[in-house]
S.K.: 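Input: one structure, supplied below.
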Amino acid sequence: MKALKYILFLLLILFIGLAIYIAVQPNSFEVKRTKTINAPVEMVYNNVIDYKNWEAWSSWAEADPNMVITLPEQTRGIDGSYSWEDADGVGTMKTIDTKANETIIQEMQFADFPKSDVTWNLKPNGQNKTEVTWSISGKDLPFGFKAFAAFMGGMEKQIGPNYERSLEKLDSILVADMKKYSVNVEGITQHSGGFYLYNTTSCKMEDFKIKMQEMMPKIGAYAMANNIVMAGKPFVIYHKWDTENNTVMFSCCIPTTSKIVTEDPEVLTGQLEPFKALKTVLKGDYDNLQETWTKAMTHITANSLVQPENGMAIETYLTDPMSTPNPAEWLTEIYLEVD
């Protein structure tokens with residue numbers, strides 16, 4: 001009986017000590033992780049702002065296949081939300097404020113615990129890279145919450161590794177999405193031709209991309225400065241592609257509604273006569289253009305089509321990369337003149 005009293009006394013001391021330990025824990029918490037995502041800031045924002053994308057990169061969903069995720073009618077933008085249920089209880093997340101491509105502010109409620117504030121800060125970090133800072137914080141924490149956090153090893157231990165894994169998965173998903181592409185040989189069509197402004201140069205093949213990026217904006221700037229209406233999307237005419245001597249001659253062009261008399265000696269006016277062509281379409285990054293050209297040429301050979309000497313070879317860019325950040329959504333048309 002005496003021993004039992006000692007045991008009860010010790011347990012009481014332990015209980016009081018534990019209660020004091022929990023009571024003196026901080027009344028607030030914050031967990032934060034930062035990672036550079038290898039995708040443009042617009043892509044990161046568009047993914048995170050819509051909760052229907054979260055299950056794919058959530059480390060909690062990855063670890064618990066029995067988690068039930070419920071998506072309401074609105075999942076994107078302010079007032080967008082989702083909920084989940086796992087062995088520990090039911091949670092909800094709601095977006096309460098946002099600044100496009102910069103900040104997303106959310107509110108998380110889990111079980112009967114106090115609401116927590118979740119913030120995403122996005123910052124461009126080099127070409128097609130985004131520095132992502134993801135944080136969660138809470139304040140005025142009740143005793144029960146602090147007890148839960150203490151027994152679970154602290155919020156940093158509970159949340160930090162999951163944030164890290166989730167950001168890793170988000171990065172890999174976006175990178176994989178950017179690499180998607182398709183090539184479709186659409187067959188014979190009639191190119192309508194028309195007037196266009198252009199500049200021309202020749203260079204080594206490895207310098208082609210840089211040269212084009214220098215030349216095309218000059219044509220566009222001239223058109224804008226002179227209030228010239230564009231009649232379609234910019235394109236490149238290939239005049240010569242000499243692999244043996246590693247040289248390419250090409251013109252960067254902008255279609256116009258009529259013949260334009262230019263005052264700039266570096267900006268010229270041309271006219272395309274309508275011509276019969278094999279049309280091939282690339283949906284995806286320009287890195288896949290070589291494969292697109294190869295498939296087009298293979299189709300010409302396989303179908304016994306004939307390309308006239310000095311026939312037209314045109315690459316038209318339907319998508320502006322500045323307004324379409326995901327390369328997987330870029331559209332490019334190739335027209336090869338055939339008899």
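Computed over heavy atoms, backbone and side chain alike; hydrogens, waters and symmetry mates excluded. Here the structure is a predicted model, which is why all the values come from computation and not from measurement.
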S.K.: Give a yes or no on whether the backbone of P40 and the side-chain of N128 come within a donor-acceptor separation of less than 3.5 Å.
M.R.: no

S.K.: Are Y198 and T262 close enough, and set up right, to give a side-chain contact (heavy atoms from CB on, under 4.5 Å), and what steps lead you there?
M.R.: CA-CA 10 Å; Y198 72 98; T262 67; over 6 Å; no

S.K.: Between S59 (side chain) and N162 (backbone), is there a donor-acceptor pair under 3.5 Å?
M.R.: yes

S.K.: Is the backbone N or O of L305 less than 3.5 Å from a side-chain atom of N303, with the two atoms forming a donor-acceptor pair by type?
M.R.: no

S.K.: Tell me whether M212 shares a hydrophobic cluster with V267, the cluster being built from Ile, Leu, Val, Met, Phe, Trp, Tyr side chains joined at under 4.5 Å.
M.R.: no

S.K.: Report yes if the distance between the aromatic ring centroids of F275 and Y335 is under 6.0 Å, otherwise no.
M.R.: no

S.K.: Set out, in order, the CA-CA distance, both residues' side-chain angles and the distance that settles side-chain contact (heavy atoms from CB on, under 4.5 Å) for L336 and Q307, then state yes or no.
M.R.: CA-CA 8 Å; L336 297 176; Q307 290 182 274; 4.0 Å; yes

S.K.: Do F250 and F208 have ring centres separated by under 6.0 Å?
M.R.: yes

S.K.: Does E266, at its CD atom, have more than 12 non-hydrogen atoms belonging to other residues, nucleotides or ligands within less than 6.0 Å?
M.R.: no

S.K.: Tell me whether D50 contacts the main-chain N or O of K52 through its side chain, where contact means a donor paired with an acceptor under 3.5 Å.
M.R.: yes

S.K.: Against Y45, only a single residue in N101, T98, T130 fulfils side-chain hydrogen bond (donor to acceptor under 3.5 Å, both in side chains); can you say which?
M.R.: T98

S.K.: Rounded to the nearest 0.5 Å, what separates atom OG in S182 from atom CG in L282?
M.R.: 7.0 Å

S.K.: Hey, is CD on Q213 packed in by over 12 heavy atoms from elsewhere, all under 6.0 Å?
M.R.: yes

S.K.: Side chain of N288, backbone of D285: donor and acceptor closer than 3.5 Å?
M.R.: yes

S.K.: Have a look at M93 and tell me which of Q106, E107, Q109 forms a side-chain contact (heavy atoms from CB on, under 4.5 Å) with it.
M.R.: Q106

S.K.: Donor-acceptor check, side chain of T256 to backbone of S258, threshold 3.5 angstrom: yes or no?
M.R.: yes

S.K.: Please tell me whether S251 and H239 have a donor and an acceptor in their side chains that are separated by less than 3.5 angstrom.
M.R.: yes

S.K.: Which class fits the ring pair W60 and Y163: parallel under 30°, tilted 30 to 60°, perpendicular over 60°?
M.R.: perpendicular

S.K.: Hey, mind stepping through E329 and K180 against salt bridge (charged side-chain N to carboxylate O under 4.0 Å, His left out) and telling me if it holds?
M.R.: CA-CA 9 Å; E329 297 176 358; K180 294 177 182 177; over 6 Å; no

S.K.: Quick check: is I314 connected to I300 through a chain of hydrophobic side chains (ILVMFWY, heavy atoms under 4.5 Å apart)?
M.R.: no

S.K.: May I ask you to say whether E168 pairs ionically with K35, meaning some side-chain N is under 4.0 Å from a carboxylate O?
M.R.: no

S.K.: Quick check for you: to the nearest 0.5 Å, what is the distance between I49 atom CD1 and W120 atom CH2?
M.R.: 10.5 Å

S.K.: Distance from S172 atom OG to L167 atom CG, nearest 0.5 Å?
M.R.: 11.0 Å

S.K.: Is it the case that the side chains of W54 and N47 hold a donor-acceptor pair, with the cut-off being a distance below 3.5 Å and no angle test?
M.R.: no

S.K.: For residues K169 and A56, report the shortest heavy-atom separation together with the two atoms involved.
M.R.: NZ-O, 3.2 Å

S.K.: For residues T280 and A296, report the shortest heavy-atom separation together with the two atoms involved.
M.R.: OG1-CB, 3.4 Å

S.K.: Count I, L, V, M, F, W, Y as connected when their side-chain heavy atoms are under 4.5 Å apart, and connections chain through other members. Are M297 and V183 then in the same cluster?
M.R.: yes

S.K.: Looking only at side-chain N and O atoms, does S166 offer a donor or acceptor that is under 3.5 Å from a partner on S58?
M.R.: no

S.K.: What are the two closest non-hydrogen atoms of R33 and G160, and how far apart are they?
M.R.: NH2-CA, 3.4 Å

S.K.: Going through the distances and angles, do L174 and V44 end up as a side-chain contact (heavy atoms from CB on, under 4.5 Å)?
M.R.: CA-CA 8 Å; L174 291 178; V44 179; 3.8 Å; yes

S.K.: Can you name the closest pair of heavy atoms from S192 and P274 and give their distance?
M.R.: O-CG, 3.5 Å

S.K.: Can you find a side-chain donor-acceptor pair between N38 and K129 that sits under 3.5 Å?
M.R.: yes

S.K.: Given salt bridge (charged side-chain N to carboxylate O under 4.0 Å, His left out), test E337 with K276 step by step and report yes or no.
M.R.: CA-CA 6 Å; E337 184 175 1; K276 180 182 176 182; over 6 Å; no

S.K.: Can you measure from CH2 (W330) to OG1 (T319) and round to the nearest 0.5 angstrom?
M.R.: 9.0 Å

S.K.: Got a second to check how far L122's CG is from E131's CD, nearest 0.5 Å?
M.R.: 10.0 Å

S.K.: From D97 CG over to I105 CD1, what is the distance, rounded to the nearest 0.5 angstrom?
M.R.: 5.0 Å

S.K.: Assert yes or no for the condition that the ring centre distance of Y238 to W293 is strictly below 6.0 Å.
M.R.: yes

S.K.: Can you see which heavy atom on A61 is nearest to which on E55, and at what distance?
M.R.: CB-O, 4.0 Å

S.K.: Indicate yes or no for a side-chain donor-acceptor contact from T298 to the backbone of T294 under 3.5 Å, with no hydrogens or angles considered.
M.R.: yes

S.K.: So with a 6.0 Å cut-off around NZ of K123, is the heavy-atom count from everything else above 12?
M.R.: no

S.K.: Inspect the contact between K218 and E214 and indicate whether a charged nitrogen and a carboxylate oxygen are less than 4.0 angstrom apart.
M.R.: no

S.K.: Does Q74 reach the main-chain N or O of R76 with its side chain, forming a donor-acceptor pair under 3.5 Å?
M.R.: yes

S.K.: List the atom of P65, the atom of A63, and the distance in Å for their closest heavy-atom pair.
M.R.: CD-O, 3.5 Å

S.K.: Any salt bridge between E62 and R165, counting N to O under 4.0 Å?
M.R.: yes

S.K.: Please lay out, stage by stage, how D86 and N66 fare under the test side chain to side chain donor-acceptor pair (under 3.5 Å).
M.R.: CA-CA 7 Å; D86 58 20; N66 295 318; over 6 Å; no

S.K.: Are V248 and Y317 connected into the same hydrophobic cluster when the rule is that any two of I, L, V, M, F, W, Y join if their side-chain heavy atoms are below 4.5 Å apart?
M.R.: yes

S.K.: According to a hydrophobic-cluster definition based on side-chain heavy atoms being under 4.5 Å apart (Ile, Leu, Val, Met, Phe, Trp, Tyr only), do I219 and F235 belong together?
M.R.: no

S.K.: Going through the distances and angles, do L278 and V185 end up as a side-chain contact (heavy atoms from CB on, under 4.5 Å)?
M.R.: CA-CA 8 Å; L278 175 71; V185 180; 3.8 Å; yes

S.K.: Is the side chain of N46 donor-acceptor paired with the backbone N or O of E42 at a distance under 3.5 Å, no angle test?
M.R.: yes

S.K.: Counting distance only, does the side-chain N/O of S116 pair as donor-acceptor with the main-chain N or O of I136 below 3.5 Å?
M.R.: no

